[in-house]
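Notes for the one structure printed next.
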Amino acid sequence: MIRLTHRVAGDEVPIFYPETDADLSGFRDFLDRNAGQVVAFDTETTGLHIYGAAFGVRLAQFGSCEEAWVIRVDRFAATIRETLAHPGRQWVAHNAPYDLLAVDRVGLAPFAELGPRMFDTYILAHLADPRMESEGGTGLGLKPLSAVYVDPEAEDTAKGLYAVFRSEYKATKETGWALIDIDHPLYIRYAGLDVIYTARLLRELGILIKGNGLSKLAHFEHRVQLITTSMQRRGMRVDVDYTRQLVAELAAEEQQYKAVAARFGVENVNSTRQVTAALQGMGEQWSTKTATGNLSVGKDVLLGMADLDHQWTRNNRRDPNLVADAVVRAKRASKWSTSYAQAFLDRRDDDDRIHPSIKSLAARTARMSVSDPPLQQLPSGDWKIRRGIIADEGMTIWSVDYSQVEMKVIAALSGDPNMLRAVASGEDLHTFTAKLVMGPRWATMTDTEKAKARKLFKGVGFGKVYGGGAAGLARQTGITYEEAKAATDAYDAAFPGIKAYGRRLQRQAQFGKFEVVTPFGRHLPLDRDRMYAATNYVVQSTARDLLAKALVDLDNQGLSDHLLLPVHDEILGQAPVADANEFAHEVRRVMESTFQGVAITADAEVYGSNWGMGYGAAA
DNA sequence: AGGCTCGGCCAC
DNA sequence: AAACGTGGCCGAGCCT
């Protein structure tokens, strides 16, 4: 038995590392002593990609506030399995989905059995303060949280190890986890410390959450997380042949346009300096700046010079600049390949499935995020990337999305009579707005003028949800500031309650804590210099919580086995071909609800055998 | 070489 | 008076 000690918040705590079967008796005593307690759990693995080749769990750690047990998986797998299987036992981990899926993947504990008995200190921390360190919050990592809630001197559990990876193993942050000697003292120490910190975090955050009346929300979030983690475990199938072909096509496109750019002296299309120089050399003049004040050569600038609109069709307003055209096309092809298509291929498991990492509670507003690969942000104006994701054998992909959910939430919360009428009317919201603003003039307008007005007020509505103003609207849409100002003023006059609601939120924050409290009871801190974001925070967060609640409802109805991915206001899933339509509509019925008297409606659509079919792809 | 910020770009 | 929200992730370029 190796025994290390460490100081945590002034206490000397032991870290035990059993080497023989006989050493395990102390571990059993530890478990008996903590029979009625929630015990902290953590794993050390070979790398971050749970579903990648050669993934392994090397250590399993168990701990209380007073001690840690670091158990080798290669020697004591049976004991770990038996320990985790104990039905009455409750556990806590920091970022539980990772450890749950890791032990599930290697057969140490089935997700369905361990998942419901696992608490997550990440969830509690997010409810206490959702901000990252860079935003003035505590941060949501184990280390920064421990420094705030447990011990200001808390060791960074990773930084020291990275130094060892580099100096002793010539390895990186990524590769060192698989290479470091399993009994390296620093590895054991850090493995053990993590569970002690986690146990103490649970104690501190538990008191805080209970004291602030957030226990119900915490329970809800654990339910939601279980459902999204189950989706991650299920994953989605990749059409490998199609995606390989797509990667090849994108590579050819990229090369073709890079060659054009090179003819004009742009050797590297990703170099903003080269692109700027080339365009200036051709006599182009523009004034759009980046955040740091440099001339911007982003998509908006380049598309304009290439005489293309946002749908990449010709404006016929000027001669297209061939460099701008080539650069913007080469960059798009490269982005689509590396971030999406190639990522599908690189991240797939042995069964050609990808398992995107789903954070059920991510943004300050509690919005979810998806990464590895980032499936919430695949191009939607073109079906080519989404075509690479296919339904399981005999299944059809469907989607149910809330219609205008943020506008319905803002209508309910502000109580603005016109907005309430608008969402109740069932009429297209932007047309309704345009009509309301135009008054009697609407009847005299041509269809083209009506469409233009609708588009304008669609932009205004989006801007309002984001807390934007006339200047932003002008920038987004290309109209003059005066036109934009007139439109936003008209909007405010049409829906005075929305503006008043924003002011009310800010006033309350000004004289209380700098936060908004959402209808679901979530406390969202505001930045003092961006108080105008208050409305957006409440609306975005409430819309997220409506979707999260829908996930729980679907789970309660036994429908969650067919869910694939949450996308903010949409749930993607699959169902057997024969009853996909019926299934999607059942999902729609469960998702639909009433929020403070306002009907929250959803639309169901059956796509077909691949995701792209919802976006124009053939079967 | 790895880590970091910035500019850029994809989504809702 | 005005105020454009939330993410993931890539390559370039700079720093250590």
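Just so it is clear, the structure is predicted and the values come from calculations on it, not from any experiment. The chains referred to below are lettered A, B, ... by the order of the sequence lines, with proteins before strands, and numbering in each begins at 1.
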Inset, instruction - Ignoring the backbone of Gln540(A), work out which of dG8(B), dG5(C), dC10(B) is nearest its side chain. - result: dG5(C)
Inset, instruction - Name the nucleic acid region contacted by Thr535(A), choosing base, sugar-phosphate or nothing; use a 4.0 angstrom heavy-atom cut-off, strictly under. - result: nothing
Inset, instruction - Consider only side-chain N and O atoms of Glu592(A) and Thr601(A), and report whether a donor and an acceptor are under 3.5 Å apart. - result: no
Inset, instruction - Compare the ring of Tyr466(A) with the six-membered ring in the base of dG5(C) and state whether they stack (centres under 5.5 Å, planes under 30°). - result: yes
Inset, instruction - Scan Asn294(A) against the nucleic acid and name what it touches under 4.0 Å (heavy atoms): base, sugar-phosphate only, or nothing. - result: sugar-phosphate
Legend entry - Atom-to-atom span, NE2 of His126(A) to C1' of dG7(C) - whole angstrom: 11 Å
Inset, instruction - For Thr175(A) and Thr172(A), test the side chains for any donor-to-acceptor distance below 3.5 angstrom and give the result as yes or no. - result: yes
Legend entry - OP1 or OP2 of dT6(C) under 4.0 Å from side-chain N/O of Arg530(A): yes
Inset, instruction - Pick base, sugar-phosphate or nothing for Ala471(A), based on heavy-atom distances below 4.0 Å to the nucleic acid. - result: sugar-phosphate
Inset, instruction - Please check if the side chain of His523(A) supplies one atom and the backbone of Val517(A) the other of a donor-acceptor pair under 3.5 Å. - result: no
Legend entry - Distance-only donor-acceptor check, side chains Ser360(A) and Gln225(A), under 3.5 Å: no
Legend entry - Closest nucleotide among dA12(C), dC12(B), dC10(C) to the Ser339(A) side chain: dC10(C)
Inset, instruction - Flag yes if more than 12 heavy atoms outside Glu168(A) fall under 6.0 Å of its CD atom; otherwise flag no. - result: yes
Inset, instruction - Would you mind telling me which of dT6(C), dG7(C), dC4(C) lies closest to the side-chain atoms of Ser369(A)? - result: dG7(C)
Using distance only, find each side-chain donor-acceptor pair of residues 294-306 of chain A under 3.5 Å and give its atom names and separation, not counting sequence neighbours.
| unit_1 | atom_1 | unit_2 | atom_2 | d |
| --- | --- | --- | --- | --- |
| Ser296(A) | OG | Gly298(A) | N | 3.3 |
| Asp300(A) | OD1 | His310(A) | NE2 | 3.0 |

Inset, instruction - Classify the nucleic acid contact of Val297(A) as base, sugar-phosphate or nothing, counting any heavy atom under 4.0 Å across all strands shown. - result: sugar-phosphate
Inset, instruction - Classify the side chain of Gln377(A) and the base of dG7(C) as holding, or not holding, a donor-acceptor pair under 3.5 Å. - result: yes
Legend entry - Nucleotide dG8(C), atom P - distance to CD of Gln342(A) in whole Å: 22 Å
Inset, instruction - Check the angle between the aromatic planes of Tyr162(A) and Trp177(A) and answer parallel, tilted or perpendicular using the 30° and 60° thresholds. - result: perpendicular
Inset, instruction - Considering only atom C1', compute the distance from dC12(B) to dC4(C) and round it to an integer number of Å. - result: 14 Å
Legend entry - Pairwise 5' ranking along DNA chain C for Pro373(A) and Ala363(A), keeping only the more 5' one: Ala363(A)
Legend entry - Base dC12(B) paired with Arg367(A) side chain (donor-acceptor, <3.5 Å): yes
Inset, instruction - On the 0 to 90° scale, with breaks at 30° and 60°, tag the Phe457(A)-Tyr491(A) ring pair as parallel, tilted or perpendicular. - result: parallel
Inset, instruction - Please report, rounded to the nearest Å, how far the P atom of dA11(B) is from the CG atom of Leu547(A). - result: 19 Å
Inset, instruction - Looking at every strand, decide which applies to Leu378(A) at a 4.0 Å heavy-atom threshold: base, sugar-phosphate, or nothing. - result: sugar-phosphate
Legend entry - Short side-chain N/O contact to dA1(B) OP1/OP2 from Lys170(A), under 4.0 Å: no
Inset, instruction - Take the protein atom CD of Glu174(A) and the nucleotide atom C1' of dC9(C), then report the distance between them rounded to whole Å. - result: 14 Å
Inset, instruction - Tell me which nucleotide among dG7(C), dA11(B), dC9(C) gets nearest to the side chain of Arg364(A). - result: dG7(C)
Inset, instruction - Check every strand shown and say whether Gln376(A) touches a base, only sugar-phosphate, or nothing at a heavy-atom separation below 4.0 Å. - result: sugar-phosphate
Inset, instruction - Assign Tyr537(A) to base, sugar-phosphate, or nothing according to its heavy-atom contacts below 4.0 angstrom with the strands shown. - result: sugar-phosphate
Legend entry - Side-chain N,O (Tyr532(A)) to OP1/OP2 (dG5(C)) below 4.0 Å: yes
Inset, instruction - Using a 4.0 Å heavy-atom cut-off across all strands, classify Gly463(A) as base, sugar-phosphate, or nothing. - result: nothing
Legend entry - Pair Asp309(A), Thr313(A): side-chain N/O donor-acceptor within cut-off below 3.5 Å: yes
Legend entry - Touch class at under 4.0 angstrom, heavy-atom based, for Lys485(A) against every strand present: sugar-phosphate
Legend entry - Separation of dC12(B) C1' from Arg386(A) CZ (nearest whole Å): 10 Å
Inset, instruction - Would you mind classifying the nucleic acid contact of Lys173(A) as base, sugar-phosphate or nothing, using non-hydrogen atoms under 4.0 angstrom? - result: sugar-phosphate
Inset, instruction - Rounded off to whole Å, could you give me the CZ-to-C1' distance for the Arg332(A) and dG11(C) pair? - result: 19 Å
Legend entry - Protein-nucleotide distance (Asp382(A), atom CG; dC10(B), atom P), rounded to Å: 11 Å
Using nucleotides 13-16 of chain C, report all nitrogen or oxygen pairs with the protein that are shorter than 3.5 Å.
| unit_1 | atom_1 | unit_2 | atom_2 | d |
| --- | --- | --- | --- | --- |
| dG13(C) | OP1 | Ser271(A) | OG | 3.3 |

Legend entry - DNA chain C: 5'-proximal contact among Ala533(A) and Tyr481(A) (nearest heavy atom): Tyr481(A)
Inset, instruction - Mind calculating the distance between NE2 (His568(A)) and P (dG5(C)) to the nearest angstrom? - result: 16 Å
Inset, instruction - With heavy atoms under 4.0 Å as the rule, sort Ala343(A) into base, sugar-phosphate or nothing. - result: nothing
Inset, instruction - Just call it for Val370(A): base, sugar-phosphate, or nothing, with non-hydrogen atoms closer than 4.0 Å on any strand. - result: sugar-phosphate
Legend entry - Residue-phosphate contact under 4.0 Å: Ser296(A) side-chain N/O, dG8(B) OP1/OP2: yes
Inset, instruction - Tell me, please, which residues at least two apart from Lys408(A) pass salt bridge (charged side-chain N to carboxylate O under 4.0 Å, His left out). - result: none
Inset, instruction - Ignoring hydrogens and angles, answer whether the base of dC9(B) and the side-chain atoms of Lys335(A) contain a donor-acceptor pair closer than 3.5 Å. - result: yes
Inset, instruction - Look at Ser380(A) and dC12(B) and indicate whether a side-chain polar atom (N or O) is within less than 4.0 Å of OP1 or OP2. - result: yes
Inset, instruction - Using a heavy-atom cut-off of under 4.0 Å over every strand shown, decide if Glu570(A) touches base, sugar-phosphate, or nothing. - result: nothing
